[in-house]
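Below is one structure, written out as structure tokens; comments come after it.
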Amino acid sequence: MPVAVFFGCAFIAFGPALALFVFTIAREPLRVIILIAGAFFWLLSLLLSSLVWFIAVKASNPENVSLQKGLLIFGAVFSVVLQEVFRFAYYRLLRKANEGLAAISEENLSPISVQQMAYVAGLGFGIMSGAFSMINILSDSLGPGTVGIYGDSQYYFITSAFMTMAMTLLHTFWGVVFFDGCEKRRWWVIAAVAALHLLVSGLSFLNPSYEGSLPPAYVIMVLMAAWAFFSSGGSLQTLTQVWMCESPFLSILLYSGTTPILHKCQGVAILWN
Amino acid sequence: KLQLLSLNIMDGQPSLLLTCLHICPLPGVGCSSVQQKIYVQLNKTFPCVRLLNATHQIGCQSSVSGDTGVLHVLETETDLDWVLSSGPNPPYVVLMVAEHFNRSTMMKLKGSARVAGVAVVISKAGPAQGFSPHHSCPNQNSGVYSDSYGPELAGCNVTVWNPLGNSLSYEDFRFPIFSLHEGEEADVIRKCFLDHNRGVNGSDPAYPLCAMQLASHMYAVKDTATCMRRNDIQSRFSISPEFVCDALADYNVWSSLKPLNNSGKGHLDGESVVIAATRLDSRSFFWNEAPGGESAVGGFVTLLAAAQALRAVVEDHPPSQNILFTFFQGETFDYIGSSRMVYDMENGKFVIDLDNIHSLVEIGQVALHRNGQLWLHSDPVSRRNSSVRSELISNMKSTALNLSLSVAEPDVSQPLPPSSFQRFLRARPIPGVVLTDHMSAFSNRYYESLYDDAEYLNVSYPSGLSPEEQLEYVTDTAKTLAEVATLVARSLYKQAGGLDDHLSSINADPKIVTQMLYGFLVQSNNSWFRSLVSPDIVKNLVSAILFPASGPQPPQYYVGVPTSGDPVKMPTWLVQYVLANFTGTLRNLTQTQCKNPEDLEGESKDLYSYFWVQGPVPPNSTQGEGYCVRAPVRLVKAHSPAFELHQYSSRDYSTWTESRWKQIQARIFLVASRDLEMLTLGVGVAVLLVSLVVTYFINSKADLLFSSSRETTSTAY
């Protein structure tokens, strides 16, 4: 039943992206456009780096193993740098587009905030890079065989899926943080994003020892999630508020008769209404 | 490729590419695919394919994408039990050595639903007790003996010609069967089995298991009538017709001592011809694996050598009658070649007709004679009151006296062995004999099997000889076959009215025989063959070698179907060119003149064929001189009349067709356990559900969560 592997891996790799798309993007046409344009920008970066890689491989001596390995590392670094360059280019473009959008809207307000654009653009990058790293693997996961006849790990498919999921989410968070850095002209933020991207890409060189590449990637992902959360206006305060008021624990808390918390929540509700 | 490469560099799995760098000769060009981490392709395999006749389908079939099963190596009875009943992971693909490839095992496997396919490892030498997957009574329904002609002799009632025949080639298997030769690939498969499919201390083996997929999906089903009807529908209604089967067909080769005018067909007044016939083809259980040593090569090499031997005398002392040498193709499949020639003779489409035939001498299986003992078979029904036949036999017997051979007749009541001659007898009671090395049952223990090869005919060479030295080395088999060829040549000369005085100058050359045996049984791409054929065929000879690394390759003698890229089979080409060089004359023509000699004086395309031949290549050159050979050697279609007449259920003519197929592929790989697969699916579903719930929750509270952002953005614009 290799079909089970196919769907399992597809859900792992693209489940989060799908959920994000369905609940946050699909309903608003402008976000869909930005998402697809973001995906296109990532594709452009891919095209360019492929070209460079292709020329490099063709021009080099295929027998020289260490040279080829060096080329591979060079290709990975070059590609990451190129992706970040394109992310910046996309930021510039969106900024211009945003001015236009603001000009034509009635209240001279853009219908979309920079943070939202950053998130949507990042997701666009993530979905496209996820698709490109996963689709070939997915098609091979349909079987009938599985990896391992040359002594490789039989967990190849599932770890690839998890790596893809991490990359998709990481691109989203990087997008948010990167745009924020541009917005606030904090160049070290941009440098940090590029460095982390390089680091994660570099981690995949540790494969097939997946314990060396997957956990660090997920640690970085969690950290980036936190950073993106704070940079886009989240705070511990809002987090606890939402957690307290909306979590399933709320009803339990209510029943236990802790009225001060209840008051606080009501206060928030009043503030926002 | 471009996209795949870059995906690997970017965020995917560079490990793949890195590992590939060490395996592949061309890193980054052909090996970036995940497929190469999963599958080991087996390239040196030969499938069993489906053939159809008027009533049956035979051979093997797989599902469209191939049948997959857990690999199990069959070594003992318990392995068979494991596959058929006790093994916990059916279906199985069985890997067996050739010793187990017999009828009882195969029929057990055939009856089991737990078998997904069979791979047979062919060893160098055949089983000592003999092995023949052919019928025990070859071509019994298409020969001369039937209810109306010698009913007491029909159906091998008197003699079972091939008692070792187990008819395995004529079974219809619903699973694919592949063969591979002992060597690297077989070792890879065995290693995969040993590493993964053997439980520790007798326990059931644990996943991941080594599995094999065999793909040989055949398009045709049921019988020839059905598949030809489908072909017809396709060609009528489809813009790009996809045929499902093709008739087995190729070309007969014929030549005559004195040229016959090819433009005139039908009866030739005053012409009386002695036919010397033999067959060109063979088969085995597997497609295009047919070494045909004893069953075909021994016979036609003898006849070729005889034709060459006759050349010495016929120029100065031609016999009064003409001799027609014919080499029939497709005889294994209900006499395709001979039935076509007889059909053409009957219908005035051949250069002579049946009335022109004086007598017929057929060379059967002659290479395995013991102490020079040969047998002359003739037809007990038509032999009554035939003086020509008794003259023929006494000719041969007396000729043999001067050689180290003895010729005898088997018991009077014995019918003819399976032979092309039977097709002539069906049309006319022509006097004739079949020369063989067996009195009753075949001496060939590997009739129409893979083992009927050079080794079986003792065509072997002392170790340490280079290919060129092997080509020149005269083997004992060549010496004895040259004797037989001399016998044939002298008897033919005498039979055609030649004078006894010249008999002693007719001698077959053992050196030429050994060269032919080397070329036809060991390595067709040799310097001698290359010097005898046209430059185009030299190219084919070189490119026909599928696996140059795995040693010399003889041509295969399965008749096959004509394709646009390969209209004439290589053995047919080779025999034609060898015969042309043996019987023809050198003409001083240029290459263009040789192609079109019509306008030149003294040249005629009606009487002769013209062959531009590469010639011997000098030691320090790549191209031979090239010369033009003129010889009365021609090809005629060996295409069963049943297809010409659209009688696809014919009982008189061969109706064999070969199914077309999608792809032939064999590969091994590991299969994951169900638990791991279900775990992957479970994790996937869980990830999807969790992300849906979390996203929904966060999105619904986004205003609250990112409160400060909303305020800042509001003020920003």
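Each chain gets a letter, A, B and so on, in the order the sequences are listed, and its residues count up from 1.
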B/Val683 and A/Ile12, any side-chain heavy atoms less than 4.5 Å apart: yes
A/Leu18 versus chain B, the contacting section by heavy-atom distance below 4.5 Å: side chain
Looking only at atom types and distance, does a side-chain atom of B/Asn699 sit under 3.5 Å from a main-chain N or O of A/Phe23, one as donor and one as acceptor? yes
Heavy-atom closest pair, residues B/Lys37 and A/Ile149: O-CG2, 4.1 Å
Give a yes or no on this: more than 12 heavy atoms of other residues, nucleotides or ligands lie within 6.0 Å of atom OH of A/Tyr155. no
Evaluate the side chain to side chain contact (heavy atoms under 4.5 Å, CB included) criterion for residues A/Phe7 and B/Leu681: first the C-alpha distance (whole Å), next the side-chain angles of each, then the deciding distance (0.1 Å), finally the verdict. CA-CA 6 Å; A/Phe7 280 106; B/Leu681 182 63; 3.8 Å; yes
Heavy-atom pair count under 4.5 Å with chain A, highest-scoring of B/Asp195, B/Ile668, B/Leu692, B/Val685: B/Leu692
Structural part of B/Gln35 lying under 4.5 Å from a heavy atom of chain A: both
Heavy-atom cut-off 4.5 Å, strictly under: side chain, backbone, both or neither for A/Phe229 against chain B? both
Counting only heavy atoms closer than 4.5 Å, note whether B/Ala211 contacts chain A via side chain, backbone, both or neither. neither
pair A/Tyr150-B/Val40: side-chain heavy atoms closer than 4.5 Å: yes
Between chain A and each of B/Leu670, B/Leu688, B/Leu679, count heavy-atom pairs under 4.5 Å; write down the option with the most. B/Leu670
Can you tell me which portion of A/Phe157 sits under 4.5 Å from chain B's heavy atoms? Options are side chain, backbone, both or neither. side chain
Contacting region of B/Leu689 [heavy-atom separation from chain A under 4.5 Å]: neither
Against chain B, work out which of A/Gly148, A/Pro144, A/Pro16 has the most heavy-atom pairs shorter than 4.5 Å and name it. A/Pro144
